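By convention in this document, chain letters (A, B, ...) are assigned in the order of the sequence lines, proteins followed by strands, and residues within each chain are numbered from 1. Because only heavy atoms are used, hydrogens play no part in the values below, and waters and symmetry mates are left out as well, while side chains stay in. The model shown is predicted, which means the values in this text are computed figures rather than measured ones.
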Number of protein chains: 2
Amino acid sequence: MKLALIEANKSYIKDDVPVGAVIVKNDKVIAKAHNKKEKNKTATHHAEILAIEEACKKLKSWHLDDCILYVTLEPCLMCFGAILESRIKKIVYATNSEKFGFVSSTNNILKEIINNYNIEIVEGLYKKESQKLLSDFFKTKRK
Amino acid sequence: MKLALIEANKSYIKDDVPVGAVIVKNDKVIAKAHNKKEKNKTATHHAEILAIEEACKKLKSWHLDDCILYVTLEPCLMCFGAILESRIKKIVYATNSEKFGFVSSTNNILKEIINNYNIEIVEGLYKKESQKLLSDFFKTKRK
């Protein structure tokens with residue numbers, strides 16, 4: 001998650017919402033990415049999507065079965081869908097996204113989906129650090 | 001939707017699940033794409049994602065507010081999320097996907113989301129044609 005926070009900081013510097021993602025397989029980092037939605041002017045370029053695409057490229061496969069995704073913010077609907085599509089087995093995220101998060105924020109909706117895909121979800125690792133980066137970003141934006 | 005079916009056929013030929021997508025703005029086609037998940041070995045390379053990315057590139061913006069997406073199969077969770085992220089105003093899809101569709105198949109889940117985003121959804125245009133293409137594909141695969 002420390003690496004994901006370093007990635008998130010790259011978005012911060014480039015004026016994109018600071019979110020970073022890292023994919024690990026067998027204790028090795030195989031992909032790192034940060035949110036580039038504004039920079040690339042592309043709706044799909046969230047950190048998770050870019051990290052998944054990099055991991056697929058690295059493994060030459062769309063199956064990321066034994067992979068763990070670390071992300072600094074709770075995934076949105078699109079990113080959660082991409083995580084399921086890629087068969088990632090575990091998501092660890094730092095802090096929840098009240099407005100756009102799709103994992104903890106909509107628990108009842110997801111229970112069935114999560115059971116079907118047998119995916120493990122962990123929340124709260126480096127929560128304060130991620131929250132601080134996000135709130136600093138939005139404070140600057142409001143100014 | 002005819003153009004989307006032509007796109008879907010390109011996936012069929014290349015041994016990918018035949019799904020095609022077209023994005024229209026002010027009655028002009030601004031993006032066309034077909035499913036390349038197997039070809040590109042990338043979990044995110046569904047027709048809708050690729051079409052959205054092309055449209056963003058064309059318009060130099062992640063906002064696709066006045067755009068309509070035509071797709072030959074009901075979008076999955078990831079693609080529906082990407083449609084919302086890109087602010088597409090209307091989705092027209094040919095046939096529903098019982099297993100992985102997220103739009104009609106999970107109506108109660110979506111009502112709130114659809115209301116929040118004010119997105120219009122139309123189902124059934126060229127339904128038979130899309131169903132035939134898909135069933136032909138899966139018949140060949142089973143052989």
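- For Lys57(B) and Glu54(B), the salt-bridge test fails: no basic side-chain N is under 4.0 Å from an acidic carboxylate O.
- Proximity to chain A involves both the backbone and the side chain of Thr42(B), based on heavy atoms less than 4.5 angstrom apart.
- Only the side chain of Leu84(A) comes within contact range of chain B, judged by heavy atoms closer than 4.5 Å.
- Using a 4.5 Å cut-off between heavy atoms, His45(A) touches chain B through its side chain atoms alone.
- A donor-acceptor contact shorter than 3.5 Å is absent between the side chain of Ser97(B) and the backbone of Leu73(B).
- For the options Cys79(A), Cys76(A), Ser61(A), heavy-atom pairs under 4.5 Å to chain B are most numerous at Ser61(A).
- Salt-bridge check for Lys37(B) with Glu85(A): passed, with a basic side-chain N closer than 4.0 Å to an acidic carboxylate O.
- The parts of Ser86(A) that come within reach of chain B are both its backbone and its side chain, each placing non-hydrogen atoms under 4.5 angstrom from that chain.
- Side-chain contact, Lys36(B) with His46(B): no donor N or O sits under 3.5 Å from an acceptor N or O.
- By the 4.0 Å N-to-carboxylate-O rule, Lys141(B) lies close enough to Asp15(B) to be salt-bridged with it.
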